[in-house]
There are 2 protein chains.
Amino acid sequence: MSYRLTRRQQEIYDYLVENQEEFHHPPTLDELCLALGLSSKGSLHKQIQALINAGLVDPMNNQRRGIRLTQPPGAEGELPMMGYIAAGQPIEAIDHNERMEVPAFLRTGGDCYVLEVRGDSMIDEGILDGDRIVVEHRETACNGEIVVALVDGCEATLKRIEQKRGAVILHPANPNMKPMKYRPGQVQIQGVLVGQMRSYH
Amino acid sequence: MSYRLTRRQQEIYDYLVENQEEFHHPPTLDELCLALGLSSKGSLHKQIQALINAGLVDPMNNQRRGIRLTQPPGAEGELPMMGYIAAGQPIEAIDHNERMEVPAFLRTGGDCYVLEVRGDSMIDEGILDGDRIVVEHRETACNGEIVVALVDGCEATLKRIEQKRGAVILHPANPNMKPMKYRPGQVQIQGVLVGQMRSYH
DNA sequence: ACTGTAAGAGAACAGATTGAAAACATATTT
DNA sequence: AAATATGTTTTCAATCTGTTCTCTTACAGT
């Protein structure tokens with residue numbers, strides 16, 4: 001069923017996913033041509049048709065309601081709940097495929113998932129035991145971001161990262177603990193903290 | 001069931017949602033024509049009919065009560081964003097009717113709304129400046145719950161409550177501040193904290 | 001070089017959508 | 001009852017927008 005997309009088709013699809021906010025209405029072929037720098041909607045139509053065949057775009061049978069993706073990506077509003085994270089231990093995965101409702105503004109366009117926090121290692125960042133955090137899956141991070149990092153391939157931690165030439169420093173937010181310095185190879189970034197939720201009942 | 005709207009229909013619907021405040025009575029077809037720059041109510045009627053079929057607008061069978069939306073839009077997963085709360089000040093209300101997506105597990109069955117936190121008065125409870133809190137509207141609370149309280153009829157605060165015989169004590173979580181003791185009449189409970197959310201981007 | 005595929009331009013077409021106008025029907029007011 | 005206001009229906013023309021075609025160019029690979 002899932003046809004293989006050509007490079008250009010993939011490009012157009014990515015563009016649609018990225019910029020679906022741009023158009024507050026689904027774009028027409030002409031609008032998309034303009035946005036993509038094409039000058040013939042006939043050409044674009046052929047590409048879109050391929051995306052329709054691939055099941056990625058709603059078919060529009062002569063209707064004029066613009067191009068819309070079949071599933072507004074991240075549609076179900078639910079992200080996978082991957083498991084528990086406790087400082088200094090491997091991430092404890094959950095076996096059954098749990099999912100969790102997450103508001104749009106707590107996540108990014110990227111690939112996100114949810115972890116539950118165990119322990120108080122981030123208490124000074126306002127992240128408490130039992131909080132749910134939303135993590136964007138990424139291999140790299142900017143200095144100052146809070147990352148889920150794997151140290152020495154097994155210990156997971158949630159810390160603010162500082163990457164220098166030849167060293168990676170992880171700053172815990174809890175003042176009882178000290179910053180730890182590692183060689184870059186020791187620290188593997190698994191994701192970046194983008195949101196947090198807490199229930200009081 | 002949810003029919004797919006044409007672009008114009010979307011536009012009109014969006015307009016209705018946006019400007020429902022404008023008309024303090026639901027607008028008549030003629031008024032809407034004027035507002036939308038149309039000169040024929042017959043044309044508009046056809047569009048509205050489509051919205052009625054889509055279940056977005058109340059059908060009006062020859063009644064003349066104007067056009068009204070079926071559901072105060074965003075009724076499902078969204079709660080009203082009421083304004084800002086900063087310790088020691090009145091709650092700063094927001095004028096336009098903003099709504100915010102809130103996962104089911106961050107709220108209760110009761111009547112809930114969202115506030116944005118200003119300031120660090122709850123920093124030790126893990127509630128930071130800029131966090132969104134979910135509050136259940138209630139007049140009473142149990143000891144130990146965190147409440148939105150109105151002190152002396154004007155100052156709002158977010159504090160852990162302790163109710164004794166003849167006295168109400170509000171415990172701030174920030175150790176720099178001290179618990180305050182009030183007479184029961186002075187403290188009016190406006191709601192109870194049930195959830196909290198934070199975005200890192 | 002030859003061939004096949006992907007990509008794009010442009011023209012022309014078909015039918016969906018929109019809007020104006022007028023006539024009609026029903027409710028509300030005078 | 002008459003007048004007015006408002007919703008409903010119909011007809012028609014103009015325009016917009018998806019669709020189909022043909023032709024051209026570029027590139028990759030036996």
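Below, each value reflects all heavy atoms present in this structure, side chains not excepted, and no hydrogens, waters or symmetry copies. Order of the sequence lines sets the chain letters (A, B, ...), proteins ahead of strands, with each chain counted from 1.
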- Cation over ring, B:Arg99 on B:Tyr113, under 6.0 Å and within 45°? no

- Query: B:Arg107 and B:Leu79: side-chain contact (heavy atoms from CB on, under 4.5 Å), yes or no, with the steps?
  - Reply: CA-CA 10 Å; B:Arg107 51 190 205 209; B:Leu79 294 180; 3.9 Å; yes

- Measure from the side-chain N and O atoms of B:Arg198 to the backbone N and O of A:Gly126, and report whether any donor-acceptor pair falls under 3.5 Å. yes

- Query: Just how far, in rounded Å, is P of D:dA5 from NE2 of B:His25?
  - Reply: 16 Å

- Query: Just by distance, with hydrogens left out, do B:Gln190 and B:His137 show a side-chain donor and acceptor under 3.5 Å apart?
  - Reply: no

- Message: Tell me the interatomic distance from A:Gln49, atom CD, to D:dT17, atom P, rounded to whole angstroms.
- Response: 18 Å

- Message: Both atom distances under 3.5 Å, Watson-Crick or G-U wobble: I'd like the secondary structure of DNA chain C as a dot-bracket string, with | for pairs made across strands.
- Response: .|||||||||||||||||||||||||||||

- Message: Main chain of B:Ala104, side chain of A:Glu101: is a donor-acceptor contact present, judged purely on distance under 3.5 Å?
- Response: yes

- Item | B/S/- contact track for nucleotides 4-14 of chain C, protein heavy atom under 4.0 Å | ---BBBB----

- Task: Write down the distance between CG (B:Asp30) and C1' (D:dT4), rounded to a whole number of angstrom.
- Result: 12 Å

- Note on the structure: From CG of A:Leu44 across to C1' of D:dG18 the rounded distance in Å is 11 Å

- Message: Once salt bridge (Lys or Arg N to Asp or Glu O under 4.0 Å) is applied, what residue pairs with a partner in residues 179-194 of chain B remain, sequence neighbours excluded?
- Response: none

- Rounded distance in Å - CG (B:Leu34) to P (D:dT6): 13 Å

- Check whether any side-chain nitrogen or oxygen of A:Gln63 sits under 4.0 Å from OP1 or OP2 of C:dT17, and answer yes or no. yes

- Query: Under the 3.5 angstrom rule, does the side chain of B:Gln9 hit a backbone N or O of B:Thr6 as a donor-acceptor pair?
  - Reply: yes

- Message: Just the rounded figure in Å: distance from P of D:dT19 to CG of A:Leu32.
- Response: 13 Å

- Query: Could you state the CD1-P distance from B:Ile48 to D:dT8, rounded to the nearest angstrom?
  - Reply: 10 Å

- Task: Name the residue closer to the 5' end of DNA chain D, choosing between A:Arg64 and B:Gly66 according to the nucleotide with the nearest heavy atom.
- Result: B:Gly66

- Can you tell me how far C1' of C:dT26 sits from CZ of B:Arg65, to the nearest Å? 15 Å

- Message: Does a side-chain N or O of B:His45 approach OP1 or OP2 of D:dG7 to a distance below 4.0 Å, or not?
- Response: no

- Task: Would you give the length of the straight line joining atom CG of A:Leu29 to atom CD of A:Gln47, rounded to the nearest 0.5 angstrom?
- Result: 11.5 Å

- Stepwise side-chain contact (heavy atoms from CB on, under 4.5 Å) test for A:Arg132 and A:Met197: CA-CA 5 Å; A:Arg132 268 74 172 244; A:Met197 301 180 286; 4.2 Å; yes

